[in-house]
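Have a look at the structure below before the remarks.
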2 protein chains.
Amino acid sequence: MAETVTSLSRKEQVIRKAAELFKEKGYSAASMRDLAQKLGIEAASLYSHIKSKEEILRTLCFDMAAEFRASLAEVEKKQVSASEKLRLGIIGHVKVMAKDLTASAVFMNEHRHLSQPSLREFLLLRINYINRFKQFIEDGIASGDFKKNIDTKLAVMTLFSSLNWMPLWFSPESTIEPENLGTQLADMLINGLKQNP
Amino acid sequence: MAETVTSLSRKEQVIRKAAELFKEKGYSAASMRDLAQKLGIEAASLYSHIKSKEEILRTLCFDMAAEFRASLAEVEKKQVSASEKLRLGIIGHVKVMAKDLTASAVFMNEHRHLSQPSLREFLLLRINYINRFKQFIEDGIASGDFKKNIDTKLAVMTLFSSLNWMPLWFSPESTIEPENLGTQLADMLINGLKQNP
DNA sequence: TTCTTCAACTAACAGTTGTTAGTTTTGCTT
DNA sequence: AAGCAAAACTAACAACTGTTAGTTGAAGAA
């Protein structure tokens, strides 16, 4: 149906501009009138396309979450060592972020403005995702790839801290490619865990 | 003067509660009426103690900034290798954060809501601080402590990403002490830079 | 007791917020 | 040319925003 395509396309346009605005000013400080102005329309006109301000945030957060999960599921299927899974997981995470740095920044910084029950659901997805990375580290310790005396919680939080700030300082005009960036990051972060043989 | 002492103490009480609120809800989503309620007074009464909402944020951000700078200045004085300076700088940074996790979280997440010219001033302090850490890394490369092919910008951004998220997940009830946490973090982050001899 | 100072109060302001209801314009399809 | 749906519009709402002006009660100093 042409109608669906058209309306979806306009709706997505609204959501993309909203993502830019949310990243720039933060969700709370960004008003619907700001958003409307960016699109050259009146604030009330936005509601032809979206149900509420929060629906935009929900869409942004959960769409990104789905992409991260899909990327991780691919890695888990592979028949490789735990440390290699960790490496591929990191690269995958970076690639997903690089595909949409704006949405990634919103995903990471603004999700807390979701109201219940969306917030609870989001946090559950998130902790699950993190725990699966933590599992890679624990498996790596068990197999002797990684040091025995690692604080796994500390390690995994450090890992995600590094990854999640990336969209705030990485610029798409940079000469470094996402794949390359992911590899460098993975090397840097994993070397701290590895045994020194 | 007794008056000054009393008013300062009450003012600081207001600022501390504000820090909790700003961390919890974000600066923009936190209203002066929320803050007043937390203190058990009316919103208008806050203005006996502070000039404006933004003055609170300014105080929080610049007080933290001063502590970080003081800590770094101490490290730079020492007569040790670049990699050791980096290590001590990281530990110092973590210790300053651990002294006030709430203010640290605000410092890191909410500073962007400062208006000009405070924002500009803040960002200049920040870039200066980061560049001095970057210098440690470059010195470490020059002296052969660190690998030659390191992307120093990437390395320093990764470092601060890890450090800056800490106040969001570190809980004061944790068994791990700040000094110990700082040491572990420093080891983990620096091992990725070191030569494998 | 009277004076002073602090820290709270009430009342109100002008502006902004997300959102709604109902209407008009636009551009394609028949 | 007529009909239709998408996408915009105007006008308005109730609630909330940071902040001000002026006032009052309590506590300690003179």
Side-chain angles (χ1 to χ4, degrees), chain A residues 1-22 24-61 106 110-116 118-119, chain B residues 1-22 24-61 106 110-116 118-119:
Chain A
M1 282 194 273
E3 33 169 0
T4 310
V5 172
T6 315
S7 89
L8 265 186
S9 146
R10 186 53 171 159
K11 180 172 183 174
E12 273 177 356
Q13 227 172 309
V14 169
I15 291 177
R16 290 192 77 82
K17 276 270 186 267
E20 289 171 26
L21 192 67
F22 292 171
E24 200 182 303
K25 309 184 73 171
Y27 178 77
S28 289
S31 78
M32 296 303 272
R33 282 165 180 86
D34 290 339
L35 177 54
Q37 199 176 24
K38 267 203 150 200
L39 289 154
I41 61 177
E42 291 295 315
S45 309
L46 292 167
Y47 291 83
S48 306
H49 308 290
I50 48 112
K51 289 196 192 72
S52 67
K53 185 185 181 187
E54 196 181 332
E55 188 207 39
I56 302 178
L57 182 60
R58 235 183 293 125
T59 304
L60 286 167
C61 288
V106 173
E110 310 299 332
H111 68 259
R112 64 169 155 167
H113 293 108
L114 290 168
S115 61
Q116 300 295 3
S118 303
L119 179 58
Chain B
M1 282 195 269
E3 31 169 359
T4 311
V5 171
T6 315
S7 85
L8 265 186
S9 145
R10 187 53 171 159
K11 180 172 183 174
E12 271 177 356
Q13 228 172 308
V14 169
I15 291 176
R16 290 192 78 80
K17 276 269 186 267
E20 289 172 26
L21 191 67
F22 292 172
E24 200 182 303
K25 309 185 71 170
Y27 177 77
S28 289
S31 78
M32 296 304 272
R33 283 165 181 85
D34 290 338
L35 176 55
Q37 199 176 24
K38 268 205 150 199
L39 289 156
I41 62 178
E42 292 295 316
S45 309
L46 292 167
Y47 291 83
S48 305
H49 309 290
I50 49 111
K51 289 196 193 72
S52 67
K53 186 185 181 186
E54 195 181 332
E55 187 208 37
I56 302 177
L57 182 61
R58 235 182 294 125
T59 304
L60 286 167
C61 288
V106 173
E110 310 299 334
H111 68 259
R112 64 168 154 169
H113 294 108
L114 290 168
S115 60
Q116 302 294 7
S118 302
L119 179 58

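So that the names make sense, note that chain A is the first sequence line, chain B the second, and so on, each numbered from 1. Everything quoted here is computed from the prediction, not taken from an experiment.
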Mind calculating the distance between [atom1] ([X]) and [atom2] ([N]) to the nearest angstrom?
{"X": "A:Glu42", "N": "C:dT16", "atom1": "CD", "atom2": "C1'", "answer": "15 Å"}
{"X": "A:Glu55", "N": "C:dT19", "atom1": "CD", "atom2": "P", "answer": "10 Å"}
{"X": "B:Lys11", "N": "C:dC6", "atom1": "NZ", "atom2": "P", "answer": "13 Å"}
{"X": "A:Leu46", "N": "D:dA8", "atom1": "CG", "atom2": "P", "answer": "9 Å"}
{"X": "B:Ile41", "N": "D:dT23", "atom1": "CD1", "atom2": "P", "answer": "21 Å"}
{"X": "A:Gln13", "N": "D:dA6", "atom1": "CD", "atom2": "C1'", "answer": "13 Å"}
{"X": "A:Ile56", "N": "C:dT17", "atom1": "CD1", "atom2": "C1'", "answer": "15 Å"}

With a 4.5 Å cut-off on side-chain heavy atoms, are [Y] and [X] touching?
{"X": "A:Arg16", "Y": "A:Gln13", "result": "no"}
{"X": "A:Arg10", "Y": "A:Leu39", "result": "yes"}
{"X": "A:Tyr27", "Y": "A:Glu54", "result": "yes"}

Note to self: So if I define the base as every atom that isn't primed, P, OP1 or OP2, how would nucleotides 15-21 of chain D read as a B/S/- string at a heavy-atom cutoff under 4.0 Å?
What the structure shows: --BBBB-
Item checked: Counterpart residues, side chain to side chain contact (heavy atoms under 4.5 Å, CB included), relative to B:Glu55 (two or more places apart) -> B:Lys11, B:Ile50, B:Lys51, B:Ser52, B:Arg58, B:Thr59
Checklist line | CG on A:Leu21 to CD1 on A:Ile56, rounded to 0.5 Å | finding: 9.5 Å
Next item on the list: State whether the number of non-hydrogen atoms from other residues, nucleotides or ligands found under 6.0 Å of A:Arg112 atom CZ is greater than 12.
Entry: yes
Check: Which listed nucleotide (C:dA7, D:dA8, C:dT10) is nearest to the side chain of B:Ser48?
Finding: C:dA7
Notebook entry, point to check: OP1 or OP2 of C:dA8 less than 4.0 angstrom from a side-chain nitrogen or oxygen of B:His49, does that happen here?
Noted result: yes
